[in-house]
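Just so it is clear, the values below take in all heavy atoms, side chains as well, and ignore hydrogens, waters and symmetry mates.
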Amino acid sequence: MSNTDATHLIAIAGASGRMGRMLVEAVQAAPDARLAGALDIAASPAVGADATAFLGQTSGVAIAADLHQGLKDARFLIDFTRPEGTMAHLRVCRELGVKMVIGTTGFTDEQKAEIEDAARDIAIVMAPNMAVGVNVVFKLLAQAAKALKEGYDIEIIEAHHRHKVDAPSGTALKMGEVVAEAVGRDLKECAVYGREGVTGERDPSTIGFATIRGGDVVGDHTVLFAGIGERIEITHKSSSRATYAQGSLRAVRFLAHQPHGLFGMDDVLGLK
């Protein structure tokens, strides 16, 4: 195998954003990866600039608004953007045979169905959180919920920076799904997303969500199991987006061996 064959040729969506820049930097630092494309919206002032200029480097990869141009040399796309952008990227990736790592959240059921359909042709890792630690927490939550399904009220509290546009976070919703499945409930039926006024006593069959937005919080998540006389809290705190970037690179390495199919980070990490 040549060095070129061993190198993962990766494009980054939203390359001039906070997460995009973190991903570009991670790809540049990885010995088995090379930046092969960079995408951003046509209105971005970064379009046409070198994707690594913010690092004081020259990669020869210009940020492109044209998806075919930005993806023509890539074998993988890492996408942490917004649902409408990711869906546009998905269609071109399917056409070109480019595998995807999707960290975008806030998809509708119809959009999720389209992603599942595309996975018949290309390999995709989709997860609401790419951090390795968060995905270990998902596993811990399933075990805890099975043991604490009777006599404990379940609440999920999440905090993110002021710029986040969806709530609750995709990670919080995934935590709710994991817990609900473990205790034999349907999250769509038992989730409570807001409380105000005279709400009456808490229904013990519900799973509550509380959302905090402010400042530059990268991402904090706590699942609280509140019983009589004790509380168990399982918490994950992200202090840097670097954790998401490193998890994304692990997902790329996993996808290199998959011809098609839809996978999660539990597949990538061998947690199933």
Side-chain angles (χ1 to χ4, degrees), residues 3-4 6-90 92-93 96 98-105 122-132 134 160-161 163-165 170 216 218-219 238-256 265 268:
N3 288 336
T4 300
T7 300
H8 303 303
L9 304 176
I10 302 172
I12 303 299
S16 67
R18 292 183 303 277
M19 189 63 213
R21 287 188 169 190
M22 185 66 72
L23 289 163
V24 167
E25 186 172 5
V27 170
Q28 286 293 94
D32 61 344
R34 181 165 68 82
L35 189 67
L39 304 174
D40 215 329
I41 59 173
S44 171
V47 170
D50 193 290
T52 60
F54 72 98
L55 294 171
Q57 300 174 9
T58 302
S59 65
V61 175
I63 297 176
D66 182 277
L67 301 187
H68 287 82
Q69 176 67 25
L71 292 168
K72 64 182 178 62
D73 297 322
R75 297 293 174 267
F76 307 89
L77 173 67
I78 304 177
D79 189 335
F80 284 72
T81 57
R82 295 188 181 180
E84 59 273 17
T86 298
M87 300 312 295
H89 302 157
L90 174 76
V92 177
C93 283
L96 299 178
V98 175
K99 301 175 183 182
M100 292 186 73
V101 174
I102 300 175
T104 305
T105 59
I122 58 174
I124 300 170
V125 169
M126 182 168 71
N129 195 310
M130 295 289 170
V132 172
V134 161
H160 281 83
H161 52 87
H163 302 291
K164 187 166 179 62
V165 298
D216 61 355
V218 174
S238 293
S239 57
S240 169
R241 291 180 179 83
T243 57
Y244 309 143
Q246 292 306 314
S248 297
L249 288 176
R250 289 182 70 162
V252 164
R253 296 177 186 117
F254 171 85
L255 285 178
M265 281 299 287
V268 174

Can you name the nearest heavy-atom pair linking [X] to [Y], along with the distance?
X      : Y      : answer
Cys93  : Ile122 : O-CG2, 4.0 Å
Leu249 : Ala30  : CD1-CB, 4.0 Å
Ala11  : Ala74  : CB-CB, 3.7 Å
Ala51  : Leu35  : CB-CD2, 3.8 Å
Gln246 : Ala26  : NE2-CB, 3.8 Å

[atom1] of [X] to [atom2] of [Y]: how many Å apart, nearest 0.5 Å?
X      : Y      : atom1 : atom2 : result
His160 : Asp216 : NE2   : CG    : 12.5 Å
Asp73  : Ile10  : CG    : CD1   : 13.5 Å
Leu23  : Ser248 : CG    : OG    : 5.5 Å
Gln69  : Ile63  : CD    : CD1   : 13.5 Å
Phe54  : Ser16  : CZ    : OG    : 10.0 Å
Met22  : Ser240 : CE    : OG    : 4.0 Å

Any side-chain heavy-atom pair of [X] and [Y] under 4.5 Å:
X      : Y      : answer
Leu9   : Phe76  : no
Val101 : Leu77  : no
Met87  : Glu84  : no
Thr52  : Val24  : yes
Val132 : Thr243 : no

Using side chain to side chain contact (heavy atoms under 4.5 Å, CB included) as the criterion, point out the one residue from Leu90, Val252, Ile78 that pairs with Met100.
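Of the listed residues Leu90, Val252, Ile78, the side chain to side chain contact (heavy atoms under 4.5 Å, CB included) partner of Met100 is Leu90.
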Spell out, as yes or no, whether a donor-acceptor pair under 3.5 Å connects the side chain of [X] to the backbone of [Y].
X      : Y      : result
Asp50  : Ser59  : yes
Lys99  : Ala123 : no
His161 : Lys164 : yes

Run the side-chain contact (heavy atoms from CB on, under 4.5 Å) test on Val125 and Met265 for me, step by step, so that the C-alpha distance in whole Å, both residues' side-chain angles and the decisive distance to 0.1 Å come before the verdict.
CA-CA 7 Å; Val125 169; Met265 281 299 287; 4.3 Å; yes
Taking it one step at a time, do Arg75 and His8 satisfy side-chain contact (heavy atoms from CB on, under 4.5 Å)?
CA-CA 7 Å; Arg75 297 293 174 267; His8 303 303; over 6 Å; no
If a pair satisfies salt bridge (charged side-chain N to carboxylate O under 4.0 Å, His left out) and one of its residues is in residues 243-253, list it, with sequence neighbours excluded.
Asp32-Arg253
Please determine whether side-chain contact (heavy atoms from CB on, under 4.5 Å) holds for the pair Val218 and Ser239, giving the CA-CA distance in whole Å, both sets of side-chain angles, and the decisive distance to 0.1 Å.
CA-CA 6 Å; Val218 174; Ser239 57; 6.0 Å; no
Would you sort out whether Arg241 and Phe80 count as a side-chain contact (heavy atoms from CB on, under 4.5 Å), showing the intermediate values?
CA-CA 11 Å; Arg241 291 180 179 83; Phe80 284 72; over 6 Å; no
Can you sort out the partners of Asp79 under side-chain hydrogen bond (donor to acceptor under 3.5 Å, both in side chains), two or more places apart, ordered by chain and number?
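Asp79 satisfies side-chain hydrogen bond (donor to acceptor under 3.5 Å, both in side chains) with Thr81, Thr86, His89, Thr104 only.
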